Amino acid sequence: MSKRQYWLMKSEPEAYSIDDLKRDGQIRWSGVRNYEARNIMRDKMNVGDRAFFYHSNVKPPCIVGEMEVCTEPYPDPLQFDPDSKYFDEKSSESDPRWHLVDVKFIRKFENSVTRDILKEAGLSEMQLFKRNRLSITHVEEEEFIKVLELAGLEPLD
DNA sequence: GCCAACGTTGGC
DNA sequence: GCCAACGTTGGC
């Protein structure tokens, strides 16, 4: 069993929000079409890893909750669907290009943690800030705990 | 709504 | 294989 790792995953709440995840319980993290983000899901994530849910493209952008990786990676079905905006004609079922994992809801923060709060708390070294536009980034364990603290929460087992 | 950052595409 | 053109992300 590998050591649990921590991640941050962005979503525009207009497209899919923490409240949607709370309602659904579990969701396929569909639609990632960036190779680096895909590689993280395909090669780096493990069942049981924890991730922050980050609301992007809103004011203010912020971390709004916690979730857990709950499946092994598998091909994103939308890449095969001609009607989907995520259809990829260069991909095939025999050699799929895009992989994803499912995540499940753990908790929504009562106090979401904005970028400003993160910076003020000395977390400006987070990959979130270093890796402009990358929608999935790695989070150090210490950073993860610090963010929970900022949200007024204790780490879960 | 602007636009900087930056990944992707495609002509050569 | 270079790189200009183009498209997208996402903070501001």
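Remember, it's a predicted structure, so these values are computed and weren't measured experimentally. Throughout, protein chains are lettered first and strands after them, A, B, ... in sequence-line order, and every chain is numbered starting at 1.
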Legend entry - Electrostatic pair Asp76(A)-Arg33(A), nearest N-O below 4.0 angstrom: yes

Inset, instruction - In plain terms, say whether Arg4(A) and Glu141(A) are close enough for a salt bridge, that is, a side-chain N and a carboxylate O under 4.0 Å apart. - result: no

Legend entry - Glu12(A) and Ser56(A): CA distance, side-chain angles, deciding distance, side chain to side chain donor-acceptor pair (under 3.5 Å) verdict: CA-CA 5 Å; Glu12(A) 301 191 11; Ser56(A) 66; 4.7 Å; no

Inset, instruction - Please determine if Asp20(A) and Arg23(A) form a salt bridge, counting it only when a charged side-chain N lies under 4.0 Å from a carboxylate O. - result: yes

Legend entry - Carboxylate-amine/guanidinium proximity below 4.0 Å for Asp88(A) and Arg97(A): yes

Could I get a table of every N or O pair under 3.5 Å where one atom is in the protein and the other is in nucleotides 6-12 of chain C?
| from | atom 1 | to | atom 2 | distance (Å) |
| --- | --- | --- | --- | --- |
| dT8(C) | O2 | Arg133(A) | NH1 | 2.6 |
| dT9(C) | O3' | Arg133(A) | O | 3.4 |
| dG10(C) | OP1 | Lys10(A) | NZ | 3.2 |
| dG10(C) | OP1 | Arg133(A) | O | 3.0 |
| dG10(C) | N7 | Asn57(A) | ND2 | 3.4 |
| dG11(C) | OP1 | Tyr54(A) | OH | 2.6 |
| dG11(C) | OP2 | Asn57(A) | N | 3.1 |

Legend entry - Residue mapping more 5' on DNA chain B - nearest nucleotide basis, Lys90(A) or Lys130(A): Lys130(A)

